[in-house]
Structure formats: C-alpha cells, structure tokens
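Reading through the structure tokens given below for one structure.
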Amino acid sequence: TAETLGEGAGGSIAMTATDVNIQTGAVISSSTSGAGDAGTISVASESLNISDRGKITTSSTGDGQAGDINLDSDRLEANGGLIAATSEQSGDGGNIVITSETITAKNGSQITAETLGEGAGGSIAMTATDVNIQTGAVVSSSTSGAGDAGTISVASESSNISDRGKITTSSTGEGQAGDININSDRLEANGGLITATSEQSGGGDINITTESINLQNNSLISTSVLDSNGGGGNITIDNLNLILARNNSDIRANAVFGPGGNINITTELIFTDLTSDIDASSQFGVDGVVEIRSPESDKELNTAILPENIEDPTGLITASCPISDENTFAVTGNGGIPNSPYQTQSISTVWHDLRPVNEEKAKVA
C-alpha cells in the first residue's frame with residue numbers, strides 16, 4: 001500500500017514480473033484521505049491472476065483524486081477478484097486501463113470505476129484479442145453523486161458476455177450515466193447485459209461497431225432513464241454483416257417521463273424472433289425513433305416508366321375459330337376424345353412406337 005493522509009500526493013506502485021498472483025484476500029492499494037491525489041498502480045507481466053477476494057484498488061476519501069490503474073499482461077484473469085478506482089468525496093475517480101491478449105472476468109469479479117461524491121467518475125479502457133465477461137462478473141462505471149460516471153471502452157477481436165456477465169454504466173444521483181463504446185469484430189451475449197441507466201438524470205449512449213452481433217437467452221443492450229424527466233440515451237450500432245436476437249433478447253432505449261432515446265442501426269441483415277424487441281419508447285413522454293438502414297439502400301435503383309394510356313384489349317385477341325365455319329371446341333382431358341357409342345368398336349388395339357429410334361441411336365453414337 002502507498003497512502004497519503006495530508007496535502008501531498010500519494011506514491012505510486014509499479015510491479016514487473018513473469019507471473020503475478022493476488023489471491024485469498026491479498027491487496028495492492030494506493031489511497032488518499034486528504035487533499036493530495038492518490039498514486040498510480042502499474043503491473044506489467046505475462047500472466048496476471050486476481051482471485052478469491054484478491055484486490056487491486058486506488059481510492060480517495062478526501063479532496064484528492066483517486067489514482068489510475070494500468071495493467072499490461074498477456075493473460076489477465078479475475079476469478080472472484082476486484083479491480084477498482086473509487087472516489088468518495090469531491091475528488092475525481094481514477095482511470096483503469098487494461099491491455100492484454102486475453103481478458104477474463106468471472107465468478108462475480110468486478111472491474112469498476114466509481115464516484116460517490118461531487119467528482120466525476122473514472123473511465124475504463126480494455127484492449128485485447130479476446131474479452132470474456134461471464135458468470136456474474138461486472139465491468140462498471142458508476143456515480144451516486146453530482147459527478148458524471150465515466151466511459152467504458154472495449155476494443156477487441158472477440159467480445160463474449162455470458163451467464164449474467166455485465167458491462168454497465170449507471171447513475172443513481174444527479175450525474176449522468178457514462179457512455180459505452182465497443183469496437184469488436186464479433187460480439188456475443190448469452191444471458192449477458194450491456195446497459196447504461198440513470199435514475200435521476202439522463203442515460204448514457206451506447207456505441208457498437210462490429211461485424212456480427214449474436215444476442216440470445218435474455219441478453220440486453222439498453223440505455224434507459226428510470227424515474228426522472230431526463231431522456232434515454234442513444235444506441236448506435238454499425239454492423240457489417242449480421243445482427244441476430246432471439247430468446248427474449250432486446251435492444252432498448254427507454255424513458256419514463258422524459259423522451260425515449262433513438263436507436264440507429266446499420267447492418268446488412270437483422271433477424272429477431274417473436275420474443276425479442278427493438279424499442280425506443282417513453283412511458284409518459286415522447287417516444288424515440290428506431291431507424292434501421294442497410295448499405296444497399298444507399299444505391300440508386302433503376303425505374304421503369306409505365307405507359308400513360310392503357311391499350312384496348314379487344315385488339316389484342318385473335319378469333320381463330322370463327323363460328324361460321326362450324327368449328328367446335330372440346331375438352332378432352334388426359335385420355336383424349338372417347339369413342340362414340342355409335343361407331344364400330346375395335347376389339348384389338350395396335351400399339352405403334354412413334355419414338356425417333358434412329359435419331360436416338362445417332363445421338364448415342
């Protein structure tokens with residue numbers, strides 16, 4: 001721990017190792033309870049494991065700012081662990097920056113930047129090849145005071161949020177909920193949540209850029225305002241190929257008294273089943289707008305000019321069977337015209353093969 005209680009700034013902690021394991025209640029922390037800012041915690045390793053109540057935290061309980069947390073690892077796994085930058089009074093929360101080949105948070109782990117007082121919340125930025133938030137793990141930026149919550153940014157090739165995993169920004173105070181920005185080749189949510197919610201002010205925006213999105217089993221992308229005149233945030237999805245939503249999986253921008261947010265989706269294909277909704281509504285205010293566009297719609301379509309005058313159909317009908325020539329018309333069906341009972345009946349039928357045998361042989365040869 002590196003701690004300051006007065007006017008001065010807190011010291012920093014830097015660790016470099018092949019493997020770093022913080023477990024069974026162990027803590028690495030930098031904190032301030034006075035006017036000084038807390039220091040920064042930096043960890044550089046090939047493997048970083050935070051498990052079983054292990055913690056990396058920076059905090060401010062005074063006027064100072066919480067310190068930043070910078071984690072650079074080939075493999076980062078949080079299994080029941082905590083990574084937190086928290087401000088409780090007037091200071092701003094610290095920022096969390098994680099760079100790794102794989103980031104896995106599971107079993108109730110938390111990666112959080114929180115402000116409880118007047119200061120603004122810190123931001124969270126995660127850059128990895130694979131990001132997995134699962135089994136109740138939470139990545140969150142929140143505020144319960146006057147300050148706005150920070151932004152959460154995820155850049156990856158694959159992002160998987162499953163089994164009650166959550167990426168969320170929230171505000172329970174006067175501050176605004178933060179934005180969520182996800183830039184991932186593949187985004188899959190199986191019972192996972194991406195939410196930006198506010199109870200008293202406005203909801204944050206959610207911006208997603210991806211090649212494919214697969215939502216299933218009660219997954220949710222939502223920005224909403226629960227109980228105020230604030231407007232719901234906007235959801236913007238720029239998708240190259242496919243959006244699939246099924247089994248009660250929704251995309252929502254809702255409000256109660258204020259206006260609903262807008263949902264703007266650009267994609268080649270979008271499929272939703274009967275249990276899944278795309279909704280931008282307000283319970284008592286003005287509904288938002290849902291706009292779904294395809295890149296194909298921007299292409300100019302050719303138009304055919306139809307004739308202004310309609311042709312007279314009588315001139316298009318040919319009378320091929322004049323009545324004056326005593327022509328008759330008969331419906332023969334599949335078997336041809338039956339023999340007349342007044343004609344001589346034949347008791348033998350001679351079959352003639354009418355197939356062009358010689359031509360068939362020629363073709364075979």
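Everything quoted here is computed from the prediction, not taken from an experiment.
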| said: I need the I213 CD1 to R186 CZ distance, nearest 0.5 Å. | reply: 13.0 Å
| message | If we ignore hydrogens and angles and just use 3.5 Å, is the side chain of T32 paired with the main-chain N or O of A38 as donor and acceptor? | response | no
| query | Any side-chain donor-acceptor pair under 3.5 Å between S140 and T168? | reply | no
| said: Tell me if the CD atom of E3 is crowded by more than 12 foreign heavy atoms within 6.0 Å. | reply: yes
| If Ile, Leu, Val, Met, Phe, Trp and Tyr residues are connected whenever their side-chain heavy atoms lie under 4.5 Å apart, and connections chain through other members, are I180 and L220 in the same group? | no
| Measuring from N190:CG to D163:CG, what's the distance to the nearest 0.5 Å? | 8.0 Å
| Pairs in or reaching into residues 260-287: which pass ring-ring contact (aromatic ring centres under 6.0 Å, His included), with residues at least two apart or in two chains? | F257-F284
| message | Under 3.5 Å, is there a donor on one side chain and an acceptor on the other for T1 and S29? | response | yes
| query | Judged by modelled atom types alone, do D63 and S90 share a side-chain donor-acceptor pair under 3.5 Å? | reply | yes
| Residue pair S170 / S142, side-chain heavy-atom distance below 4.5 Å | yes
| query | Under the salt bridge (Lys or Arg N to Asp or Glu O under 4.0 Å) rule, what pairs show up with a residue in residues 237-263, not counting sequence neighbours? | reply | D250-R252, R252-D277, R252-D279
| side chain to side chain donor-acceptor pair (under 3.5 Å) partners of residues 144-161, not counting sequence neighbours, each pair once | S156-S159, S156-S184, S159-S184, N160-S162
| remark: Separation between CD1 (I56) and CG (L48), nearest 0.5 Å, reads 5.0 Å
| message | Can you confirm whether the side chains of T267 and N239 place a donor and an acceptor under 3.5 Å from each other? | response | yes
| said: Going by side-chain contact (heavy atoms from CB on, under 4.5 Å), name the residues that satisfy it together with N21, two or more places apart in sequence or in a different chain. | reply: D19, Q23, N49
| Looking only at side chains, do T102 and R75 share a donor and an acceptor under 3.5 Å apart? | no
| Taking only residues two or more places apart in sequence, or in another chain, which ones meet D74 in a salt bridge (charged side-chain N to carboxylate O under 4.0 Å, His left out)? | none
| message | For the residue pair Q65 / S60, report whether a side-chain donor-acceptor contact shorter than 3.5 Å exists. | response | no
| request: Enter the distance from T236:OG1 to I265:CD1 here, rounded to the nearest 0.5 Å. | output: 9.5 Å
| said: Pairing donors with acceptors under 3.5 angstrom, does anything connect the side chains of S281 and N254? | reply: yes
| message | With a 4.5 Å cut-off on side-chain heavy-atom distances among I, L, V, M, F, W and Y, is there a chain of contacts connecting M15 to I41? | response | yes
| Looking at residues at least two apart in the chain, or sitting in another chain, which of them share a salt bridge (charged side-chain N to carboxylate O under 4.0 Å, His left out) with K106? | E77
| message | For a 4.5 angstrom cut-off between non-hydrogen side-chain atoms, does I206 reach I221? | response | yes
| remark: When rounded to the nearest 0.5 Å, the distance separating CD of Q110 from CD1 of I50 is 12.5 Å
